[in-house]
Amino acid sequence: MAILQIKNLHVSVETEQGSKEILKGVDLTIRSGETHAIMGPNGSGKSTLAYTIAGHPKYTVTEGEILLDGENVLDMSVDERARAGLFLAMQYPVEIPGVSVSNFLRTAKTAIDGVAPAIRPWIGEVRDAMSNLKMDSDFTERNVNEGFSGGEKKRHEILQLELLKPQFAVLDETDSGLDVDALRIVSEGVNRAKQANGFGVLLITHYTRILNYIKPDFVHVFVAGKIAEEGGPELAARLEAEGYDRYVKA
Amino acid sequence: MTEAIIRPGSTGHSHGGAEIPLQTRSERLRSANPGDHIAIDGRDEQWRYLDQLRLAGLDTNVLTDAATELVFTAPSEFDLTLVDAKDDLFGTAGLPEDITSANAWAAANKASKITLTGEASEPAILKIADIKADRAAHIIINSKTHSRGTVIIDHTGDAKLAEVVEIIVGDESQLTVVSIQDWNDDAVHTSAQFARIGRNAKLKHIVVSLGGKTVRVTPTAEFTAPGSEVEMLGLYFADAGQHLEHRSYVDHAVANCKSRVTYKGALQGKGAHTVWVGDVLIRKAAEGTDTYELNRNLLLTDGARADSVPNLEIETGEIEGAGHASASGRFDDEQLFYLQARGINELDARRLVVRGFLNEIIQQIGIESIEQRLNEAIEHELTRSNH
Ligand SMILES: Nc1ncnc2c1ncn2[C@@H]1O[C@H](COP(=O)(O)OP(=O)(O)OP(=O)(O)O)[C@@H](O)[C@H]1O
Ligand SMILES: [Mg+2]
């Protein structure tokens, strides 16, 4: 049983006009097996939260803390966080020219586990995970994210989630840009990985449709850098009907 | 970043960011006599990126022939002889276009002539290792009609060397020439390499520059009959204080030939400087030409500088295609973040990105021993970097 705690988190970015505060006191606790959905208007700071958890150097934490099983995550480098069990499926996955998917996956798996996976079972595991996600096996020979369509990039993120088996998965708009079939396939991938490994999920989305597949235990409304309201799945339905007006005006 | 493609039917010099040379490339002075060449001057296009002092006298000193210091090992399809200016191939691939190669030509009375007959499955290796200062070398490589094979010129150790290499690619032959500059830190080296390509022939010309304080390689290829192809590949890795310069020139003098020039480099450290100038001339007679040249540079740290200049001169519109691309960019921190977010530590992540960048060239070399040596060299360079 693992626990990820975010306490009174304040985060700034450097801009040409000086430092600008984006997160203004976020409190959130996620336990293994739980699914938390975060919904909120564009620019409210959802990706900032996701990147800050992963340790992107662009974001500076000015106050508050992030703890993984009581350990201070903010002291860890990006790769240490990943090895400690944090995974971020990115809204905009990055292209790495000249690095094949198979080389990348094996290198990442070796880094996370601390030992290289045995070759034959590993190849089988990759092949099965790809076929579950309806990814053509040719992808292993292609360069990481290079020339992938938007939807293919998202599948590739979830492929990594299945293979790297983290403690907590932050999914930043994994559903954006997916067609109806892909949405189902990717959601099933997340559910399968979750069932196998029992991780906690922080799911950032604009749409309730993905929540029909990945059922949230909690829904958080994110507005202007903090959580404005929390509730169960019914909150998502209300947001879909009413939008964020009531929070933004308040 | 500049990128341009010129399609059949289009004419003139409308090719994006490429510089139009002041003087057309074909009009450049060619002479084996050092006295005919003007002294190095930073205003001269040929020398604008290189401080004359860095040549340590290769342009002005009296040099000594290094012919007896070269070591040749090769399978039986190759033959090495020492020849002089009376040899019928001597001076047939090209003549010096700058003062350092003219100086080399004047000093190296004997040329090491490598002749390939038949099909060789193993490469010939000419080792130029730890030679004395102020040396000159003249090498002639000739692939006879229908032959196939590879010649590797392997430069290591200390040197102050001005070199000329003539490459005569016989009709219907397929020749690969690899020039490796893996010198010690203080070495100074210039190498003018002239290729003359026969009918239905193919030359693969590979330049790998890793070590040396100043290295300047100027490969040129001239087509003399239709149906031929040249592939020029270059890879370089410059550290602090190194100047690695490559100037390629493809002369499409006849119809229906194809050329591909692909040079990629990585730079790190203060004062690391690389130069790539890629000239392509498509003459009036060269209808049906298909050419593309590309140079990319990856700057791993601040304080490094990469100059990249494609020059495309087109005298006929009746071509298959002509294009160029040139870009120099800083190491992308988003790539680093992505890899680190998957648990890969920073050093390994940098290695992956740099090797990925250079892979495009390494994979095309097609000689396993060299690919392996390059992978090790890149590994070594990256551990040297202060990251
Ligand atoms: N370098 C920067 N300079 C100025 N503002 C910035 C910078 N980086 C981020 N921001 C701002 O921070 C805010 C939060 O951005 P973030 O990407 O976290 O939003 P989001 O909630 O994920 O939005 P979306 O739903 O559109 O993905 C935005 O208003 C954005 O413009
Ligand atoms: Mg976002």
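Chain naming here is simple, since letters A, B, ... match the order of the sequence lines and numbering starts at 1 in each.
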- Heavy-atom pair count under 4.5 Å with chain B, highest-scoring of Gly55(A), Ser77(A), Ala111(A), Pro93(A): Ala111(A)
- Message: Using a 6.0 Å cut-off, check whether atom CD of Glu379(B) has over 12 heavy atoms from anything other than its own residue.
- Response: yes
- For the student: nearest non-hydrogen atoms of Arg342(B) and Ala82(A), plus distance: C-CB, 4.0 Å
- Structural part of Gln335(B) lying under 4.5 Å from a heavy atom of chain A: both
- Note on the structure: Answer key: most heavy-atom pairs under 4.5 Å with chain B among Asn103(A), Thr107(A), Leu105(A), Leu164(A) is Thr107(A)
- Message: I'd like to know if Lys58(A) pairs up with Glu334(B) as an ion pair, taking the criterion as any Lys NZ or Arg NE/NH1/NH2 lying under 4.0 Å from an Asp or Glu carboxylate oxygen.
- Response: no
- Given side chains that start at C-beta, do those of Pro97(A) and Phe357(B) come closer than 4.5 Å, heavy atoms only? no
- Task: Step through the shown structure and confirm whether more than 12 heavy atoms of other residues, nucleotides or ligands are within 6.0 Å of NZ on Lys165(A).
- Result: yes
- Message: Main chain of Gly343(B), side chain of Arg83(A): is a donor-acceptor contact present, judged purely on distance under 3.5 Å?
- Response: yes
- Query: Would you say the side chain of Phe337(B) lies within less than 4.5 Å of the side chain of Val94(A), judging by non-hydrogen atoms?
  - Reply: no
- Query: Going from CG on Asp79(A) to CD on Glu346(B), what distance comes out if it is rounded to the nearest 0.5 angstrom?
  - Reply: 8.0 Å
- Query: What part of Glu146(A) lies closer than 4.5 angstrom to a heavy atom of chain B: side chain, backbone, both or neither?
  - Reply: neither
- Item | Heavy-atom contact with chain B under 4.5 Å, split by part of Asn145(A) | side chain
- Item | Close side-chain approach of Ile96(A) to Leu339(B), heavy-atom, < 4.5 Å | yes
- Task: Please state whether the rings of Tyr338(B) and Phe104(A) are parallel, tilted or perpendicular, taking 30° and 60° as the class boundaries.
- Result: parallel
- Task: Please flag which part of Glu80(A) lies under 4.5 Å from any non-hydrogen atom of chain B: side chain, backbone, both or neither.
- Result: neither
